[in-house]
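Just below is one structure, and these are the notes that go with it.
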Amino acid sequence: MNRINGKAHGKVILIGEHAVVYGHPAIALPLLSAEVSVTINRSPTMCIDCVYHQGELNDAPSAIDNIRACIEASLIKLNKQNETFELVISSSIPQERGMGSSAAVANACVKAIFDFFNQPLSEDDRFELVQVSETLAHGTPSGLDAKTTNSLLPLYFIKDKVIEPFSMVMEGYIIVGDTGEKGQTRMAVSSLRKRKEKNPAVVNELMNQIGEYSEQARLCLQNNLIDQLGDLMDKTHQNLMLLGVSNQILNRLVNVARQSGAKGAKMTGGGWGGCMIALAKTHQQAHQIANALKRNGAAQTWILELG
Ligand code: MEV
């Protein structure tokens, strides 16, 4: 029996979601404490074992069409279309919460498949194969999730142009709060596209501002400017609300975090459910905020040390 691992992790977008789809800069952080691992076993038929399905890949529900397509594209790339195996996927990243679960699963699958066949995987091929999955899952993915779920460093990212890992010197903590509601990235992205077609001037201006906030946020992270970073997070959330991609439960948890002493707070990822993030100076404050979020309905929280 041949068991091979492919791994990837979650991500949080600090600033720049949605605007990044239209070429504005964004900053995303790897969330290493939420992880996907894939093992591959030899099998006479193509099988998958994941939360959505255990059994023949052909019988899997449409919820994993993206992963199926990514597996098929990987096999075509390797010229191994007639090979069969079982992929066992285990993940601690909650699905459909804007934490990069779909991209992380695709990343781990692609890496595991190439490993199984002892083939080197170039960065370009990895990205292209993960984007096969992301395109089915989200429609028009910027590529930020595909990159960040495979990066150990924060990324400054401009779609199709810049992918710049950078180091932070920030003393602070990001608290991630899961609303417990599925996010709806695909729907939120497509509703924003319609809004942009109807009202380009307003939408473009709000997105330009988000892009500027991303630029400033990178400087904050590199110069330990926590108050300014919190302020940028608050302003970005305001813009995302005006763009119509937040919702009541996200806004409520953002307010809970602010009232519990957060330096700033915002939704993160696709929106319409999913997760929010908050910024705290100390570990103790981060815990207080996480506890307040849980008392107010957050299904789960994570604390991520910056710096
Ligand atoms: C989803 O995690 C982030 C969005 O900006 C979409 C994308 O970048 O493809 C909403």
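Order of appearance sets the numbers: ligands from 1, and atoms from 1 within every ligand. Numbers here are sequence positions counted from 1.
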Is [Y] close to [X] at the side-chain level, that is, under 4.5 Å between some pair of heavy atoms?
| X | Y | answer |
| --- | --- | --- |
| M168 | L29 | yes |
| L293 | M276 | yes |
| L221 | L14 | yes |
| R42 | F85 | no |

#### Entry: Between NE2 on residue H9 and OG1 on residue T148, distance to nearest 0.5 Å
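Taking NE2 in H9 and OG1 in T148, the distance rounds to 7.5 Å.
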### Summary
Rounded to the nearest 0.5 Å, the CD atom of Q119 sits from the CG atom of L78 at a distance of 6.0 Å
### Task
Report yes or no: is the cationic atom of K147 (NZ for Lys, CZ for Arg) closer than 6.0 Å to the six-membered ring centre of F157, at no more than 45° off its axis?
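No, a cation-pi geometry is absent between K147 and F157.
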Output the list of atoms in ligand 1 that are nearer than 4.0 Å to some heavy atom of [X], sorted by atom number.
| X | value |
| --- | --- |
| V20 | 5 (O), 8 (O) |
| S142 | 7 (C), 8 (O), 9 (O) |
| P141 | 9 (O) |
| E17 | 5 (O) |
| H18 | 4 (C), 5 (O), 10 (C) |

### Message
With nothing but distance in play, are any N or O atoms of T185 less than 3.5 Å from an N or O of ligand 1?
### Response
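It does not: no N or O of T185 is found under 3.5 Å from an N or O of ligand 1.
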### Message
So, regarding K11 and ligand 1 (criterion: nitrogen or oxygen to nitrogen or oxygen, under 3.5 Å), is there a contact or not?
### Response
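N/O-N/O distance below 3.5 Å exists for this pair.
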### Query
Nearest protein heavy atom to atom 6 (C) of ligand 1, by residue and atom, and its distance?
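Result for atom 6 (C) of ligand 1: V21 CG2, 3.8 Å.
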### Query
So which protein heavy atom does atom 3 (C) of ligand 1 come closest to, and at what separation?
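Of every protein heavy atom, I13 CD1, 3.5 Å lies nearest to atom 3 (C) of ligand 1.
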### Query
Are any of the heavy atoms in G270 under 4.0 Å away from ligand 1?
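A heavy atom of G270 does come that close to ligand 1.
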#### Entry: ligand 1 contact by H138, heavy-atom criterion under 4.0 angstrom
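Flag not set, H138 not near ligand 1.
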### Task
Quick one: look at K159 and ligand 1, take heavy-atom pairs under 4.0 Å, and tell me if it's side chain, backbone, both or neither.
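Within the 4.0 Å criterion, K159 makes no contact with ligand 1.
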### Task
Using a strict 4.0 Å threshold on nitrogen-to-oxygen distance, state whether E123 and R126 make a salt bridge.
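Yes, charged N to carboxylate O under 4.0 Å.
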